[in-house]
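Chain letters run A, B, ... following the sequence lines, proteins first, then strands; residues in each count from 1. Atoms considered below: every heavy atom in the structure, side chains included; atoms not considered: hydrogens, waters and symmetry mates.
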Protein chains: 4
Amino acid sequence: MLRIPRPVTKVKQSPITARKAPAQARSRRLVSDILEAAARVLAREGSRRFTTERVAEEAGVSVGSLYQYFASKEALLFRLQTDEWQDTWAILDEISRDTRLVPLERLRKVVIVFFRSEQQEAALRVALDDSGALFRDAPEARAFTALTRQRMRDFFKELLPGVPADKQEFAADVVLTAMAATAEKVTVQGLDRRTVDAWAKANAEMYCTYLEALLRLAPSRRR
Amino acid sequence: MLRIPRPVTKVKQSPITARKAPAQARSRRLVSDILEAAARVLAREGSRRFTTERVAEEAGVSVGSLYQYFASKEALLFRLQTDEWQDTWAILDEISRDTRLVPLERLRKVVIVFFRSEQQEAALRVALDDSGALFRDAPEARAFTALTRQRMRDFFKELLPGVPADKQEFAADVVLTAMAATAEKVTVQGLDRRTVDAWAKANAEMYCTYLEALLRLAPSRRR
Amino acid sequence: MLRIPRPVTKVKQSPITARKAPAQARSRRLVSDILEAAARVLAREGSRRFTTERVAEEAGVSVGSLYQYFASKEALLFRLQTDEWQDTWAILDEISRDTRLVPLERLRKVVIVFFRSEQQEAALRVALDDSGALFRDAPEARAFTALTRQRMRDFFKELLPGVPADKQEFAADVVLTAMAATAEKVTVQGLDRRTVDAWAKANAEMYCTYLEALLRLAPSRRR
Amino acid sequence: MLRIPRPVTKVKQSPITARKAPAQARSRRLVSDILEAAARVLAREGSRRFTTERVAEEAGVSVGSLYQYFASKEALLFRLQTDEWQDTWAILDEISRDTRLVPLERLRKVVIVFFRSEQQEAALRVALDDSGALFRDAPEARAFTALTRQRMRDFFKELLPGVPADKQEFAADVVLTAMAATAEKVTVQGLDRRTVDAWAKANAEMYCTYLEALLRLAPSRRR
DNA sequence: AATGAATGAGGATTCATTCAT
DNA sequence: GATGAATGAATCCTCATTCAT
């Protein structure tokens with residue numbers, strides 16, 4: 001979900017990226033073990049009980065080892081967050097480029113898939129958000145958000161031909177933010193798949209209607 | 001903002017309402033002093049550093065006094081949250097009943113006012129959300145949410161005449177959730193008033209377009 | 001029950017007797033109200049939750065008033081203890097002087113009555129003991145114990161005629177200590193009256209057998 | 001001393017056994033250091049001032065370390081108690097099986113040794129009892145008590161041949177309870193060894209006299 | 001590289017006692 | 001005399017992080 005970073009009073013200065021690039025395969029394995037364990041602990045115990053000790057135990061390593069690969073608890077959480085974003089947006093990016101569908105159909109599909117993806121990761125996300133105040137503002141997070149935002153704006157150029165660039169961009173922001181925010185709020189409620197799909201469809205409908213209205217207002221040199 | 005409660009791992013059972021009704025004026029004053037101090041601490045230090053000790057110090061009272069009026073840290077946070085909700089929704093409720101405007105105009109106004117209100121309280125809200133996991137599921141919170149939801153559904157009956165009741169309700173949920181979620185995400189960025197207004201207008205536009213489309217599909221004995 | 005004071009490292013120096021002699025009837029009434037409330041709180045809530053606040057509330061007075069009559073929480077507890085002792089030993093003293101019964105029968109009755117009395121006050125006593133470390137060693141407690149001990153030694157002179165005074169006294173101590181200690185341990189278990197009576201009888205039997213054996217060994221120039 | 005559990009208002013459910021089995025020698029050392037420190041603090045400061053902080057400081061470790069080995073203050077206290085019980089009863093059990101002595105002689109010896117053992121641990125025991133309300137009812141405590149009780153009943157079968165089983169058991173309970181309760185009360189007074197021995201002898205005498213009387217009443221198909 | 005024991009600051013909450021009204 | 005609000009030291013316990021082995 002498109003997370004919009006926000007200003008916070010105090011910004012931690014310590015690096016929250018990985019302490020060391022896992023050069024060996026063994027290290028890479030260890031890192032992913034820890035990340036998976038962390039995800040499990042977060043989902044199972046909640047952010048309140050998400051402690052380095054518990055994560056290490058779940059991963060079958062010592063706390064010391066955990067700190068060998070993650071500079072801090074915060075860094076671990078950040079990595080978890082980032083990984084989740086990457087997975088989700090890779091899929092959406094792909095759909096948005098699928099030329100076999102007309103643009104509005106692609107948007108509909110993006111919305112549906114996004115809601116579903118959010119649903120699956122809801123438990124993790126909730127816990128993540130509870131600890132989220134810690135790194136919402138890391139530069140890495142900003143960079144990632146900027147990237148996805150750019151990609152989606154490109155998609156909206158296709159969706160709104162003939163519409164001035166600034167309006168295109170704003171529409172993209174409006175729709176994507178609505179989608180991300182709504183999906184987050186909705187999936188967090190633990191609804192079943194059918195209900196989530198209904199929400200997704202209604203939202204997709206709303207966005208499409210809106211974009212069509214925008215198109216209608218455009219200088220329409222559209223043929 | 002319409003907050004949708006969500007399931008959380010552990011639900012506290014102890015009451016989170018105020019420990020003692022502030023009968024005397026002095027007590028009332030103290031309670032509001034503490035609440036204001038709490039809001040300041042939350043905004044300034046963030047939820048991580050929001051401690052009873054700090055709040056008491058900021059309010060210029062002892063921890064003991066704080067606990068005389070709030071049964072727990074959680075209760076204090078809850079009170080802060082509730083007060084904010086109440087203020088916001090009282091205004092929206094009023095607008096939604098203002099018969100001098102046609103329904104869709106009222107919706108537009110509701111959206112604008114809501115975004116502005118959210119903007120003003122953004123700092124507090126952020127911190128509040130960070131601590132939110134603690135009482136999102138308190139019965140009192142659910143009760144309040146249920147009430148506002150009902151009021152808004154009544155409003156949507158006016159907005160969507162001729163539309164089946166279940167569709168009315170779903171549309172209300174979809175639009176309000178989008179509004180609440182989006183306003184939250186947007187205002188958190190610290191944008192200036194003009195920009196926030198632009199977001200609000202675009203969103204209002206989107207909702208209106210959507211509702212009009214729904215109306216068009218309705219059995220329409222509304223000539 | 002015969003409480004044997006014991007040495008403790010640190011002895012508090014503050015007076016634990018009542019702060020002020022209740023001159024007026026009103027005061028006397030207040031003191032007994034507080035004492036009764038204290039007994040109820042102790043029995044109902046346990047020593048852990050026995051707080052001045054709770055006692056004051058139960059008595060329907062303010063903490064301030066409580067402190068007007070009892071110098072400290074400790075003093076209140078001490079008074080409770082003392083009152084209980086007095087009641088119990090007044091009865092036993094009376095029985096031990098009842099010349100309508102032969103001495104050994106009186107002992108039997110003393111034992112039975114004592115066990116029953118202990119049973120009735122078991123709940124209070126448990127809670128009292130939990131807080132007991134506080135004043136086991138107050139001079140007032142020692143004085144009281146000394147008095148009752150003397151009375152009972154007098155009784156044992158009748159029980160063990162012809163036995164040397166020092167042996168009489170020692171026997172008194174041995175039997176009374178066994179009785180007090182055993183009754184305390186037994187009644188604390190919450191047994192029903194029949195069972196407690198059985199224990200009392202068995203103990204009375206044991207003491208009588210023992211005293212008879214001592215008598216048999218005595219120089220017996222009696223008649 | 002045979003401690004008879006009693007009902008208490010609140011029963012904690014969390015496990016009070018050691019958090020982690022001290023596998024390495026170092027750990028074992030630490031555990032015993034803490035236990036010794038705890039015993040010292042308890043004896044020196046009393047239960048009121050027996051805090052985790054103080055124990056840790058006395059042991060020369062941090063509170064954190066203390067909690068590494070004991071799940072809670074309660075667990076630490078419980079361990080202290082248990083260790084004391086175990087030591088005492090192991091000795092008594094051995095004596096009661098010593099076939100080189102006739103049964104009544106063994107009982108006499110049991111009583112003497114018990115009084116002496118209680119005397120040595122009196123200071124600790126006092127403090128322990130003051131805090132005892134906390135875990136008197138732990139299942140582990142009940143289990144231990146049940147075990148020792150059974151062992152002693154077996155001994156009484158030898159002491160009271162020809163006496164019906166139920167009477168044997170009751171006599172065992174009566175005598176052992178009297179012994180435990182009396183020894184506790186007596187040794188707590190800080191008497192010298194000779195005096196304690198005198199009490200022990202007198203009590204042993206009383207129990208023997210009582211048991212002999214019971215034997216005399218038995219169906220006596222003996223011989 | 002890995003371990004995991006040790007640290008100790010930090011946090012929520014309670015309660016005996018005082019004292020201004 | 002009575003009140004009860006205010007105080008704040010004291011308590012138990014957690015957990016991110018370090019570092020000797």
Side-chain angles (χ1 to χ4, degrees), chain A residues 14 20 24 26-27 30 48-57 60-76, chain B residues 14 19-20 22-24 26-27 30 48-57 59-76, chain C residues 14 20 24 26-27 30 48-57 60-76, chain D residues 14 19-20 22-24 26-27 30 48-57 59-76:
Chain A
S14 61
K20 123 198 304 187
Q24 285 91 29
R26 181 166 147 61
S27 302
L30 217 43
R48 214 73 172 179
R49 298 170 54 80
F50 179 84
T51 66
T52 51
E53 189 68 38
R54 260 186 270 268
V55 171
E57 206 207 321
V61 301
S62 65
V63 250
S65 293
L66 191 156
Y67 274 87
Q68 194 106 53
Y69 294 105
F70 296 92
S72 66
K73 185 186 170 187
E74 206 180 335
L76 175 57
Chain B
S14 59
R19 170 169 284 185
K20 138 199 292 191
Q24 283 90 31
R26 183 165 152 63
S27 302
L30 210 47
R48 209 68 170 186
R49 295 170 55 78
F50 178 85
T51 69
T52 52
E53 193 70 39
R54 260 186 271 268
V55 170
E57 205 205 324
V61 301
S62 65
V63 251
S65 291
L66 190 157
Y67 275 89
Q68 193 122 46
Y69 295 103
F70 296 93
S72 65
K73 183 186 169 184
E74 204 179 340
L76 175 56
Chain C
S14 61
K20 122 199 306 186
Q24 285 91 28
R26 182 167 145 63
S27 301
L30 218 42
R48 213 72 173 178
R49 297 171 54 80
F50 178 85
T51 68
T52 52
E53 189 68 38
R54 259 185 272 267
V55 171
E57 205 207 319
V61 301
S62 64
V63 248
S65 293
L66 190 158
Y67 273 87
Q68 195 107 52
Y69 295 104
F70 296 93
S72 67
K73 185 185 170 187
E74 205 180 336
L76 174 58
Chain D
S14 59
R19 170 168 285 184
K20 135 196 298 186
Q24 283 89 31
R26 182 165 154 63
S27 302
L30 210 46
R48 210 68 170 187
R49 296 171 54 79
F50 179 84
T51 69
T52 51
E53 194 69 39
R54 262 186 270 268
V55 171
E57 207 205 321
V61 301
S62 64
V63 249
S65 291
L66 190 158
Y67 276 90
Q68 192 121 48
Y69 295 103
F70 296 93
S72 65
K73 183 185 168 183
E74 206 180 338
L76 175 56

Touch class at under 4.0 angstrom, heavy-atom based, for B:Thr52 against every strand present: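 Base, at least one base heavy atom under 4.0 Å.
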
Touch class at under 4.0 angstrom, heavy-atom based, for D:Leu66 against every strand present: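 Contact class for D:Leu66: none.
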
From the set [options], return the single nucleotide nearest to any side-chain atom of [X].
{"X": "A:Tyr67", "options": "F:dA16, E:dA2, E:dT18", "answer": "F:dA16"}
{"X": "D:Val63", "options": "E:dG11, E:dA9, F:dT17", "answer": "E:dA9"}
{"X": "C:Tyr69", "options": "F:dA2, E:dA2, F:dT11", "answer": "F:dA2"}
{"X": "C:Val61", "options": "E:dA5, F:dT3, E:dA16", "answer": "F:dT3"}
{"X": "D:Ser62", "options": "E:dT13, F:dT14, E:dT7", "answer": "E:dT7"}
{"X": "A:Lys73", "options": "E:dA6, F:dG1, F:dA16", "answer": "F:dA16"}
{"X": "C:Ser72", "options": "E:dT17, E:dG4, E:dG8", "answer": "E:dT17"}
{"X": "C:Gln68", "options": "E:dA16, F:dG1, E:dA5", "answer": "F:dG1"}

Contiguous Watson-Crick or G-U pair runs (3 or more, under 3.5 Å) in DNA chain E: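 Stem list for DNA chain E: E:2-21 with F:2-21.
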
Euclidean distance, atom CD of residue B:Glu57 to atom C1' of F:dA9 [Å, nearest integer]: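 Roughly 16 Å, once rounded to whole Å.
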
side-chain contact (heavy atoms from CB on, under 4.5 Å) involving C:Ser62 - partner list, sequence neighbours excluded: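 Counting only residues at least two positions away or on another chain, C:Ser62 forms a side-chain contact (heavy atoms from CB on, under 4.5 Å) with C:Ser65.
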
D:Glu53: partners by side-chain contact (heavy atoms from CB on, under 4.5 Å), with sequence neighbours left out: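 side-chain contact (heavy atoms from CB on, under 4.5 Å) list for D:Glu53, sorted by chain: D:Thr51, D:Val63.
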
